Amino acid sequence: GYMDPCNAQNLTVQALNPSSSSLPVTYSWSASPTLSANNILNPIATPTSTTTYTLTASQGTCVSQDQVTVVVYPAPSLSISSAPNTTVLTCNQPSITLTAVGNGTITWLNGSTPIATGNTLTVTTPGTYTASIQNQNGCSTTNSITITQDFAIPVAGITTNPNTNVLNCNTPTIALTGNGGATYSWANGGTIISATNTTTISSPGIYTLTAVGANGCIDTAQINIYQDITPPIAAISSSAASNTLDCNTASITLTAGGGANYSWANGATALGNANQLVVSSAGTYTLTATGSNGCTDTANITINFVANTT
């Protein structure tokens, strides 16, 4: 006789016992490595290829033989590949095309739910996708692939060097550094100004950092850079209304105003950094006033000397 299971199926090989004799019957099967037992009437066979089993039955001096051939049809081969060669959905790769290769009718399942037929399937959501194939002999094979996703958004951050967002005469440039991504770009309005994580700026404006993660997902951050380059207005007041030294006025006190810091000079000679200067000789005195933003202004005053006798 013949039996035709698919590969890896179990089946029971059964012999009939028509004897009515009271003598015991013993059994012996050939090809025993693929049988659950070789000395029982109906063992379980697990052949991996076509196999002929021979049964020898003995009862007393009587011996009888019979055969059964189990024809094993191989399971169909089935492989799955992905394009591109990844199993992770990302912002760069929002869909993946799965291709199953095998000789037979292919059905795709997500979990236990059939979702498509045919060799290819394009997926946009994570899950375990199973291809099932059945050949002309009714034998089937399944193969699965697990698709995951990574849509984590990076967190864009901006630091400044020095630690300020105000351009002034002390700080004519500020270095901006982006973090949180794998690649970066900087823009001022609609103009891209840098494709690295750092950029140095010298003009006010709203600067936008675009941080792109390794998965292609994007986050942005902005910083508003201001500018303060308004100079102070240097002013000098004199303790002598006439700004004149004479025999009665041996010295004049000059007082600076308009700045945060000051320096005095007479020509090329520096005279000090106090806000007041006492002068006792004629000349042109220059005040340099420096604002808190580092910007400067100058003012001059001329002190005269007149000799008098009263």
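What you see is a predicted model, and the numbers here were worked out from it, not measured in a lab.
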Would [X] and [Y] show up in the same hydrophobic cluster when neighbours are defined by side-chain heavy atoms closer than 4.5 Å?
X	Y	value
Phe151	Val123	yes
Ile303	Phe305	yes
Ile115	Leu89	yes
Tyr53	Leu41	yes
Ile218	Ile158	no

Hydrophobic cluster partners of [X] (side-chain heavy atoms under 4.5 Å):
X	value
Tyr226	Val166
Ile229	none
Ile192	none

Can you name the nearest heavy-atom pair linking [X] to [Y], along with the distance?
X	Y	result
Asn224	Gly205	OD1-O, 3.5 Å
Leu109	Ser132	CD1-CB, 4.2 Å
Leu167	Pro204	CD1-N, 3.8 Å

| message | Test side chain to side chain donor-acceptor pair (under 3.5 Å) on Gln222 and Thr208; report intermediate values, then the result. | response | CA-CA 4 Å; Gln222 288 187 329; Thr208 300; 3.0 Å; yes

| Qualifying side-chain hydrogen bond (donor to acceptor under 3.5 Å, both in side chains) pairs, either residue in residues 184-207, two or more places apart | Ser194-Thr196, Ser203-Tyr207

| request: Determine which pairs satisfy side-chain hydrogen bond (donor to acceptor under 3.5 Å, both in side chains) with at least one residue from residues 146-169, sequence neighbours left out, and list them in order. | output: Thr128-Thr146, Asp150-Asn215

Which donor-acceptor pairs under 3.5 Å do the side chains of residues 74-85 make with protein atoms, sequence neighbours left out?
{"residue": "Ser82", "atom": "OG", "partner": "Pro84", "partner atom": "O", "Å": "3.3"}
{"residue": "Ser82", "atom": "OG", "partner": "Thr86", "partner atom": "N", "Å": "3.4"}
{"residue": "Ser82", "atom": "OG", "partner": "Thr86", "partner atom": "O", "Å": "3.0"}

| request: Mind checking disulfide (SG to SG under 2.5 Å) for Cys62 and listing every partner two or more places apart, or none if nothing turns up? | output: none

| Gap separating the CD1 atom of Ile252 from the OG atom of Ser238, nearest 0.5 angstrom | 4.5 Å

Just to verify, what does [X] make a side chain to side chain contact (heavy atoms under 4.5 Å, CB included) with, not counting sequence neighbours?
X	answer
Ala235	none
Asn39	Ala37
Ala274	none

| query | How far apart are the C-alpha atoms of Thr69 and Thr50, what are their side-chain angles, what is the distance that settles it, and do they pass the side chain to side chain contact (heavy atoms under 4.5 Å, CB included) test? | reply | CA-CA 7 Å; Thr69 298; Thr50 298; 4.0 Å; yes

| query | Is a side-chain donor or acceptor of Thr34 paired with a backbone partner of Pro47 at a separation under 3.5 angstrom? | reply | no

| message | So does Gln65 get a backbone contact from the side chain of Thr56, meaning a donor-acceptor N/O pair under 3.5 Å? | response | no

| task | Could you check if a side-chain atom of Ile40 sits within less than 4.5 angstrom of a side-chain atom of Tyr27, using non-hydrogen atoms only? | result | no

Just distance, no hydrogens or angles: give the donor-acceptor pairs under 3.5 Å from side chains in residues 92-106, sequence neighbours left out.
{"residue": "Gln93", "atom": "NE2", "partner": "Ser95", "partner atom": "O", "Å": "2.5"}
{"residue": "Thr97", "atom": "OG1", "partner": "Thr122", "partner atom": "OG1", "Å": "3.2"}

Output a table of donor-acceptor pairs, distance under 3.5 Å, between side-chain atoms of residues 284-297 and any protein atom two or more places apart or on a different chain; print 'none' if there are none.
{"residue": "Thr284", "atom": "OG1", "partner": "Thr302", "partner atom": "OG1", "Å": "3.3"}
{"residue": "Tyr285", "atom": "OH", "partner": "Ser281", "partner atom": "O", "Å": "2.7"}
{"residue": "Tyr285", "atom": "OH", "partner": "Ser281", "partner atom": "OG", "Å": "3.3"}
{"residue": "Thr286", "atom": "OG1", "partner": "Asn300", "partner atom": "OD1", "Å": "2.6"}
{"residue": "Asn293", "atom": "OD1", "partner": "Cys295", "partner atom": "N", "Å": "3.0"}
{"residue": "Asn293", "atom": "ND2", "partner": "Asp228", "partner atom": "O", "Å": "3.4"}
{"residue": "Asn293", "atom": "ND2", "partner": "Asp228", "partner atom": "OD1", "Å": "3.1"}
{"residue": "Asn293", "atom": "ND2", "partner": "Thr230", "partner atom": "O", "Å": "2.9"}
{"residue": "Asp297", "atom": "OD2", "partner": "Ala234", "partner atom": "N", "Å": "2.9"}

| task | Applying side chain to side chain donor-acceptor pair (under 3.5 Å), run through Gln276 and Thr253 and close with a yes or a no. | result | CA-CA 7 Å; Gln276 286 190 330; Thr253 299; 5.9 Å; no

| field | Derivation and outcome, side chain to side chain contact (heavy atoms under 4.5 Å, CB included), residues Trp264 and Ile236 | value | CA-CA 11 Å; Trp264 295 93; Ile236 302 172; 4.0 Å; yes

